[in-house]
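Reviewing the structure listed below.
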2 protein chains.
Amino acid sequence: MENNTCIRQFADHEQIKNCKAKLKTAQKSFGSLSSVLALAGNEVRLKIIYLLGDEKEICPCDLADILGMSIPAISQHLKKLKDGNIVETRKESQTIYYSLNHENIKILKPFFKHINVQTLKLETA
Amino acid sequence: MENNTCIRQFADHEQIKNCKAKLKTAQKSFGSLSSVLALAGNEVRLKIIYLLGDEKEICPCDLADILGMSIPAISQHLKKLKDGNIVETRKESQTIYYSLNHENIKILKPFFKHINVQTLKLETA
DNA sequence: TAATTATTTAAGCAAATGCTTAAATATGCC
DNA sequence: GGCATATTTAAGCATTTGCTTAAATAATTA
């Protein structure tokens, strides 16, 4: 691996140095941030997050109904969201209520706005 | 598929109806938004986007150097970003310069801020 | 204690992802 | 035209993803 010619004679060494430095400083952030984005980057999970942004809490069974999917499929998505600290749970007898971990999801807030704005645009268009 | 008992006797029918309606209105947004998030949800691509946010333009070869990856690997990531309208290209003789499509990336701007803020926190901690 | 309900977990599988290596394009230079 | 450089494309392959079905937990009710 690694050697594909292209040792760019005219490489912008200054820029390369700069970029490497920037990555090094922000290093820690990329892993955690990209995994949050990857979680939100699935349409089903994005919908779940979006709904929980409004609804306070929903159980897996109702989510399956809402999204027209099987319960195990939903449950597996919820597990990922929980492992990523995006949602948390409250148990009430048999039912488990899922809600957003609002602390860890501040990052995603702009998206809700984006969805709503875009929806509005489409409606008025 | 589909029948996993759990036709929740105590299902919150009001909430279910609400949620279905909300999804229906915002329907169009979820597909496009989740695919942008999925693109940004890869650590390598997130770094590329982040760097392009500062650097105006970078060529594949320099990116490979900066990220310590092979050129084809980088090229394939860039292709995805271009297909997703996140980056655009400018050709100058042999070199192809990649830059952000600032119009289509407004959504991701909050993340750059997030990375920078978090980095600052880690530095001063 | 047995049957029902809500949820999770496990196993299996098709499709997608992200790399590798090698070959194909395309431009610049001698 | 022939060779070097910059990039893309293609083929191959291991890993991950996201579903399905079936089985395992856990709490509720009869």
Side-chain angles (χ1 to χ4, degrees), chain A residues 1-12 15-16 31 34-35 37-48 57-84 87-99, chain B residues 1-12 15-16 31 34-35 37-48 57-84 87-99:
Chain A
M1 61 146 164
E2 198 60 23
N3 220 352
N4 283 51
T5 52
C6 187
I7 312 299
R8 280 239 306 154
Q9 289 181 310
F10 306 109
D12 187 338
Q15 187 182 46
I16 292 177
S34 66
S35 62
L37 290 173
L39 284 171
N42 171 283
E43 193 167 336
V44 173
R45 288 192 297 264
L46 184 62
K47 285 176 179 170
I48 292 176
E57 55 181 22
I58 317 181
C59 69
C61 183
D62 285 2
L63 273 174
D65 184 344
I66 293 165
L67 296 171
M69 294 181 60
S70 76
I71 294 176
I74 293 293
S75 179
Q76 284 157 26
H77 281 301
L78 288 171
K79 184 175 178 8
K80 289 187 181 182
L81 290 174
K82 193 174 181 189
D83 288 346
V87 301
E88 46 196 24
T89 55
R90 175 178 76 86
K91 189 168 196 173
E92 187 178 313
S93 77
Q94 295 165 284
T95 307
I96 295 178
Y97 291 99
Y98 281 79
S99 58
Chain B
M1 60 148 163
E2 199 60 23
N3 220 352
N4 281 54
T5 53
C6 191
I7 312 298
R8 281 236 308 153
Q9 290 182 310
F10 306 109
D12 187 338
Q15 188 182 45
I16 291 176
S34 67
S35 62
L37 290 172
L39 285 171
N42 171 283
E43 192 167 339
V44 173
R45 288 191 298 264
L46 184 63
K47 285 176 180 172
I48 292 176
E57 55 181 22
I58 318 180
C59 70
C61 183
D62 285 2
L63 274 173
D65 183 342
I66 293 164
L67 296 171
M69 293 181 61
S70 76
I71 293 177
I74 292 294
S75 178
Q76 283 158 26
H77 281 302
L78 288 171
K79 183 174 179 7
K80 289 187 180 183
L81 290 174
K82 193 175 180 188
D83 288 346
V87 302
E88 45 196 23
T89 56
R90 175 178 75 86
K91 188 167 195 173
E92 186 178 314
S93 78
Q94 295 165 285
T95 308
I96 295 177
Y97 291 100
Y98 281 80
S99 57

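Here is the naming used below: chain letters follow the sequence lines, and residue numbers restart at 1 for every chain. All values derive from a computational prediction rather than experimental measurement.
- Between B/His77 atom NE2 and D/dT9 atom C1' there is a gap of 16 Å when expressed in whole angstrom units.
- Between B/Glu57 atom CD and D/dA6 atom C1' there is a gap of 15 Å when expressed in whole angstrom units.
- OP1 and OP2 of D/dT17 both lie 4.0 Å or more from every side-chain N or O belonging to A/Lys80.
- By the 4.5 Å heavy-atom criterion applied to side chains, B/Ile48 and B/Ile58 are not counted as neighbours.
- Between the A/Gln15 side chain and the B/Glu57 main chain, a donor and an acceptor come within less than 3.5 Å of each other.
- A salt bridge does not link B/Arg90 to B/Glu88: none of the charged side-chain nitrogens sits closer than 4.0 Å to a carboxylate oxygen.
- Closest contact between the side chain of A/Pro60 and the listed nucleotides C/dT7, D/dT20, C/dT21 involves C/dT7.
- One can place NZ of A/Lys47 at 15 Å from C1' of D/dG18, the figure rounded to the nearest angstrom.
- Evaluation of the salt bridge (charged side-chain N to carboxylate O under 4.0 Å, His left out) rule for A/Asp12 yields no partner, not counting sequence neighbours.
- One can place CG of A/Asn42 at 18 Å from P of C/dA15, the figure rounded to the nearest angstrom.
- Residues A/Gly41 and B/Leu78 each lie close to DNA chain D; by heavy-atom proximity, the contact nearer the 5' end of the strand is made by B/Leu78.
- Across all non-hydrogen atoms, the minimal contact from A/Ala38 to A/Arg45 is O-NH2, 3.4 Å.
- Annotation: side chain of B/Ile71 is in contact with side chain of B/Cys61 (closest heavy-atom distance under 4.5 Å).
- One atom, CE of B/Met69, and another, C1' of C/dT20, lie 11 Å apart when rounded to the nearest Å.
- Contact between B/Glu43 and A/Gly31 at its shortest, heavy atoms only, is OE1-CA, 3.7 Å.
- When heavy atoms are screened at a 4.0 angstrom cut-off, A/Lys82 is found touching no nucleic acid atom at all.
- What you find for A/Ala73 and A/Met69 is that their closest heavy atoms are CB-CE, 3.7 Å.
- Of the side-chain N and O atoms in B/Thr95, none sit less than 4.0 angstrom from OP1 or OP2 of D/dA6.
- For A/Val44, the listed nucleotide lying nearest its side chain is D/dC19; candidates were D/dC19, D/dT21, C/dT20.
- Rounded to an integer number of Å, the gap from CG of B/Leu39 to C1' of C/dA16 is 13 Å.
- What separates CG of A/Asp83 from P of C/dT8 is a distance of 12 Å, to the nearest Å.
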- request: Can you check each nucleotide of nucleotides 25-30 of chain C against protein heavy atoms at under 4.0 Å and return B for base, S for sugar-phosphate only, - for none, in 5' to 3' order?
  value: -SBS--
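- Comparing D/dT8, C/dT9, C/dT7 by their nearest atom to the side chain of A/Pro72 picks out C/dT9.
- A donor and an acceptor atom sit less than 3.5 Å apart, one in the side chain of B/Gln76 and one in the base of C/dT20.
- Pairs of Watson-Crick or G-U wobble type, with distances under 3.5 Å, assemble into runs of 3 or more in DNA chain D at these ranges: C:1-30 with D:1-30.
- For the pair A/Cys59 and A/Tyr98, the minimum side-chain heavy-atom distance is 4.5 Å or more.
- Residues A/Ser75 and A/Leu78 fail the side-chain proximity criterion, which asks for heavy atoms closer than 4.5 Å.
- To the nearest angstrom, C1' of D/dC19 lies 15 Å from CD of A/Glu43.
- Among the nucleotides D/dG18, D/dT8, C/dT9, the one closest to the side chain of B/Ser75 is D/dT8.
- Across all strands, A/Tyr98 comes closer than 4.0 Å only to sugar-phosphate atoms, never to a base (heavy-atom distances).
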